[in-house]
There are 2 protein chains.
Amino acid sequence: MNKSDKQPTINDVARVAGVSKKTVSRVINRSPLLKLDTREKVEAVIAQLGYVPNPQARALALRRNFLLGLLHDNPNAQTVLNFQEGVLDAIRDTEFALVVRPVDRHSPGMLDDIRNFLELQRLYGVLILPPISEDDELAALCRDMGCGYVRMGSAALDEAEHLVQSNDRQMVEGVVDYLVEQGHRRIGLIEGPVGFRSAFERREGFLSAMRRHGLDVPQDAIVPGNYRFNSGVEGADRLLSVEPRVTAVFASNDEMAAGAYHAARARGVEVPRDFSIVGFDDSPIAAHIWPPMTTVGWPIRQMGKAAALKLVAPDMADARPSCFPARLVTRSSVAPPAKEI
Amino acid sequence: MNKSDKQPTINDVARVAGVSKKTVSRVINRSPLLKLDTREKVEAVIAQLGYVPNPQARALALRRNFLLGLLHDNPNAQTVLNFQEGVLDAIRDTEFALVVRPVDRHSPGMLDDIRNFLELQRLYGVLILPPISEDDELAALCRDMGCGYVRMGSAALDEAEHLVQSNDRQMVEGVVDYLVEQGHRRIGLIEGPVGFRSAFERREGFLSAMRRHGLDVPQDAIVPGNYRFNSGVEGADRLLSVEPRVTAVFASNDEMAAGAYHAARARGVEVPRDFSIVGFDDSPIAAHIWPPMTTVGWPIRQMGKAAALKLVAPDMADARPSCFPARLVTRSSVAPPAKEI
DNA sequence: TTGTAAGCGTTATCAC
DNA sequence: GTGATAACGCTTACAA
């Protein structure tokens, strides 16, 4: 239908529609100062020809690529993938694509690496997952480089347009409420890594709810962790070795909670009869471990979608909300504590 | 140092080096017909100016982007992420970036979607993960569109330059050997989904090893599955309900193997004392479930790296191998069978 | 409201 | 071997 079978270009559209390429360009870019019938005429030709603007050419002219970047330092795999799916929900059927960029937050060159990356790829914007989303220098870098960004975090790290937030603190309060409701009084906490905002928020939620219930939190009912499985094993082991024993534990994520299962099993402590466990994330392991784990699930995919929309279509309704409520997923790892003898 | 603080362009290099831009271009593209000292002179200027070619401009001129695409339909999350890491290992410090594209193999429009995607983004090449890597139409599409591709698969799906392969069949034979060595004679199989090459290979490996050992595989020792947790629960449940019971099972992936743990536990069957379980993938759950699972681990990250190198640097040594041997990761889910009474 | 001309930073063509 | 010059497909002045 067209000369050769190459993709039609803006020139083809202009020629067929009998207008200049600039006018076609205006149609593509939704310029407001166009006569309605010109626009319609051009749109008809675009549809007829099946014309799609070439992103490479636009990228060159605009000095900005139609690419969204996903910056992360390896939170858990399912989180990253769910977030990716959400981003894809947002950019499906658009010219945008998603490029992924794992980074190493322990490398001193991280910021420079990212600068080079942004400079080279000229991304439209980046989405930053925790924990590096908490790095204000990184956000400043994006701002300086004129690269859009949205951070995902568990606190109000930034302005609404740059943030999708989960309400970790409040959710953990809910976890404690639930455990107390089940009759628990001595509840332990396995913390997340020092320096992680999410870990901080979860601990604060835990402490404030315990306080609200008038419950004591002895020093040794709080043990450190680093979000890794092994730290959950060790943490729970310490918790289970002091008397009087806690009857329940909140682990700051599922992986550590799974570790707590191990520690319990190794000591012959039965979950949930002797020891109730609650995790955080609702990752696959929570559903697959035995007994199935009660945990906090957050809408990562929606957050991914909203984050991407904040960049590519800031006025869409779905781009608005910045806070995404998590919910308690009750399964079978919590039971009322055994009667004291 | 330069006029304004923009990135230097090829023109700046040409001017400072006192050559034409085409010559600089030749240096960048390693054209062989250049005088050595011209090349060295230009290279010195490039280094001095910190010049980096602009990928957007190259993309426009070459009608091909410096992007690698990762096409997958959601195998497990850890697999995808490990593969991504491998790809990143390959393209770190190059101008390439990785764009991800989850697809839905059940959608009738999948192929058209992918065609549009390739047409629009003009990818340098794509990496295709199983199960869609097994789709020959998809490979043909890439070929037609002049888009490089490498498939990851569990069989010789394609020529070496388009393939990174794992030796599933052989590995599963090894699993059976191991179980037999431990004393098992009645061994069950939970299959993967019909139509998946990996599922086929794993079954064939199982059957051929059993045959080699002269062991009988009754009809009801093979149960269907779909790589999902629940099918593992159901499959193992069926296996455990027929007499004489199998003493061990090979589940075609870890997720189903985890399901088998559940089924056993629900019936009061103890793993591994009464029932040995072996999975496939060495996904995180294998290490985190109790007792830790014996499984087959394959070098996904290296495969990702090799796959990417086949596209971007086909002559590098690391790009050569097409077959990547997996290995048995022995943990605690296998024990000799209880003595018959 | 629309069109013209000049880029954006590279590579391809084809002389020299 | 090397260098003008014209693409590549779009956008941004600036004119009309």
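Side chains included, hydrogens not; waters and symmetry mates left out as well; all remaining heavy atoms used. Letters go in sequence order (proteins before strands), and every chain restarts at 1.
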Handout entry: Audit row: Q84(A), L70(A), side-chain contact (heavy atoms from CB on, under 4.5 Å) steps and yes/no
Key = CA-CA 8 Å; Q84(A) 285 184 11; L70(A) 181 59; 3.5 Å; yes

Exercise for the section: May I ask you to decide whether D136(B) forms a salt bridge with R151(B), counting only side-chain N to carboxylate O separations under 4.0 Å? Expected result: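 Salt bridge flag = yes for R151(B) with D136(B).
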
Problem - Residues N29(A) and R58(A): side-chain donor-acceptor under 3.5 angstrom - result: yes

Just the atom pairs and distances: protein N or O near nucleotides 13-15 of chain C's N or O, under 3.5 Å.
none

Would you tabulate the nitrogen or oxygen pairs shorter than 3.5 Å linking the protein to nucleotides 7-10 of chain D?
| unit_1 | atom_1 | unit_2 | atom_2 | d |
| --- | --- | --- | --- | --- |
| dC10(D) | OP1 | Y51(A) | OH | 2.5 |
| dC10(D) | OP1 | N54(A) | N | 3.0 |
| dC10(D) | OP2 | I10(A) | N | 2.4 |
| dC10(D) | N4 | K21(A) | NZ | 2.6 |

Practice task
Please lay out, stage by stage, how D112(B) and F117(B) fare under the test side-chain contact (heavy atoms from CB on, under 4.5 Å).
Solution key: CA-CA 8 Å; D112(B) 287 333; F117(B) 175 64; over 6 Å; no

Whole angstrom value for the distance that separates [atom2] of [N] from [atom1] of [X]:
| X | N | atom1 | atom2 | result |
| --- | --- | --- | --- | --- |
| R15(B) | dG3(D) | CZ | P | 15 Å |
| R39(B) | dT2(D) | CZ | C1' | 13 Å |
| F66(A) | dC8(C) | CZ | C1' | 14 Å |
| N65(B) | dG9(C) | CG | C1' | 14 Å |
| L33(A) | dT2(C) | CG | C1' | 10 Å |

Handout entry: Verdict with supporting geometry, L71(A) and Y149(A), side-chain contact (heavy atoms from CB on, under 4.5 Å)
Key = CA-CA 10 Å; L71(A) 256 33; Y149(A) 71 92; over 6 Å; no

Exercise for the section: Grab the two heavy atoms, one from R30(B) and one from R39(B), that are nearest each other, plus how far apart they are. Expected result: CA-NH2, 3.7 Å

Handout entry: Nearest heavy-atom neighbours spanning L123(B) and G69(B)
Key = CD1-CA, 3.8 Å

Exercise for the section: Could you pull out all residues at least two apart from F66(B) that satisfy ring pair (Phe, Tyr, Trp, His ring centres under 6.0 Å)? Expected result: F96(B), Y124(B)

Exercise for the section: Would you work out how much the helix from dT1(C)-dA16(D) to dC16(C)-dG1(D) bends between its ends, with each end axis defined by five base pairs, to 10 degrees? Expected result: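 About 30°, once rounded to a multiple of 10°.
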
Problem - Any T23(A) side-chain nitrogen or oxygen under 4.0 Å from OP1 or OP2 of dG3(C) - result: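 So the side-chain polar atoms of T23(A) do come within 4.0 Å of the phosphate oxygens OP1 or OP2 of dG3(C), strictly under.
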
Practice task
Ignoring backbone atoms, establish whether T38(B) has a side-chain N or O less than 4.0 Å from OP1 or OP2 of dT2(D).
Solution key: yes

Handout entry: side-chain contact (heavy atoms from CB on, under 4.5 Å) partners of M145(B), counting only residues at least two apart
Key = R115(B), L118(B), E119(B), L141(B)

Practice task
Identify, with sequence neighbours excluded, every residue that meets side-chain contact (heavy atoms from CB on, under 4.5 Å) alongside K21(A).
Solution key: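 side-chain contact (heavy atoms from CB on, under 4.5 Å) check on K21(A) returns I10(A), N11(A), A14(A).
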
Handout entry: Residue mapping more 5' on DNA chain D - nearest nucleotide basis, V24(A) or P32(B)
Key =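 Its nucleotide being nearer the 5' end, the pick is P32(B).
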
Problem - L88(A) vs K305(A) side-chain heavy atoms within contact, under 4.5 Å - result: no

